[in-house]
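Quick notes on the structure that follows.
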Amino acid sequence: MIKTAIAAAALTLAALPAFADRIKAEAECDPSENALEFNCMITLTEAGNPVQPAVFTVKPEMPSMPMAHNISPIPVLEGCGEGIYHVVLNVEMYGDWILRLDMTEPRRDVVMVDVALNPAEGEMPAMAHTH
């Protein structure tokens, strides 16, 4: 019993650096001139260092409306500086979204980022739903 607990604790401690070294992402999205379109700058870091080069797709998902929006993943292949990547998102409505980053380089990983995609100041909210 004690040996099992010690072994479990050792495995847990051995796994901790893996969580600390995960790729982290931050996203800053600004509305473009087109309604429901956003220019997003995504910053990737690992252990405090920029991640570059990276290859990944961005799939916007709206957590308040699961499976209501089916937006295809958008490939992001080029960087705009030290660990900074640009992607243009076209969404179907304004609100709180999660960006799912499916990484293939530098290694396979999935990173989720919360973003608020809201209209520019003075712009009327729009939705692309059809009747």
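Basis for what follows: all heavy atoms, side chains included, without hydrogens, waters or symmetry-related copies. For clarity, every value in this text was computed on a predicted model and none was experimentally measured. For this chain, numbers begin at 1 and follow the sequence in order.
- Connection of L36 to I71 is established within a shared hydrophobic cluster, with ILVMFWY side chains joined at heavy-atom distances below 4.5 Å, either directly or through further cluster members.
- Residues Y94 and F38 form a side-chain contact, since some pair of their non-hydrogen atoms from C-beta on lies under 4.5 Å apart.
- In the displayed structure, Q52 atom CD is contacted under 6.0 Å by more than 12 heavy atoms of other residues, nucleotides or ligands.
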Check: Given the rule in the side chain to side chain contact (heavy atoms under 4.5 Å, CB included) test, do R100 and V113 qualify, once you have shown the distances and angles that lead to the verdict?
Finding: CA-CA 7 Å; R100 177 190 169 103; V113 183; over 6 Å; no
Next item on the list: I would like to know whether D102 and F56 meet side chain to side chain contact (heavy atoms under 4.5 Å, CB included); could you show each step before the answer?
Entry: CA-CA 5 Å; D102 287 307; F56 59 99; 5.8 Å; no
Margin query: Quick one, M41 with E26, criterion side chain to side chain contact (heavy atoms under 4.5 Å, CB included). Give me CA distance, side-chain angles, the key distance, then yes/no.
Written below: CA-CA 8 Å; M41 301 304 284; E26 293 180 14; over 6 Å; no
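- Atom-to-atom distance recorded for L117:CG and L99:CG is 6.5 Å, nearest 0.5 angstrom.
- Scanning all heavy atoms of the two residues, the minimum distance from L89 to C40 falls at CD1-SG, 3.5 Å.
- E92 has its side chain out of reach of M62: every pair of non-hydrogen atoms, C-beta onward, lies at least 4.5 Å apart.
- A distance of 9.5 Å separates OG of S64 from CD1 of I98, quoted to the nearest 0.5 Å.
- Just one of I84, V111, V58 meets the side chain to side chain contact (heavy atoms under 4.5 Å, CB included) condition when paired with I42; it is V58.
- Between the side chain of T104 and the backbone N or O of V55, at least one donor-acceptor pair lies under 3.5 Å.
- Remark: E37 CD is packed, more than 12 non-hydrogen atoms of other residues, nucleotides or ligands lying under 6.0 Å away.
- Contact annotation: the side chain of E28 never approaches that of V115 to less than 4.5 Å [non-hydrogen atoms, C-beta and beyond].
- The two residues N39 and H86 come nearest to each other via the heavy atoms OD1-NE2, 3.2 Å.
- One finds a salt bridge joining R22 and D109 here, because a Lys/Arg side-chain nitrogen approaches an Asp/Glu carboxylate oxygen to under 4.0 Å.
- Taking the side chain as every heavy atom from C-beta outward, M112 and L101 never approach each other to under 4.5 Å.
- Of the possible polar contacts, one joining the Y85 side chain to the A54 backbone as a donor-acceptor pair under 3.5 Å is found.
- For G95 against N118, the heavy-atom pair with the smallest separation is N-OD1, 3.9 Å.
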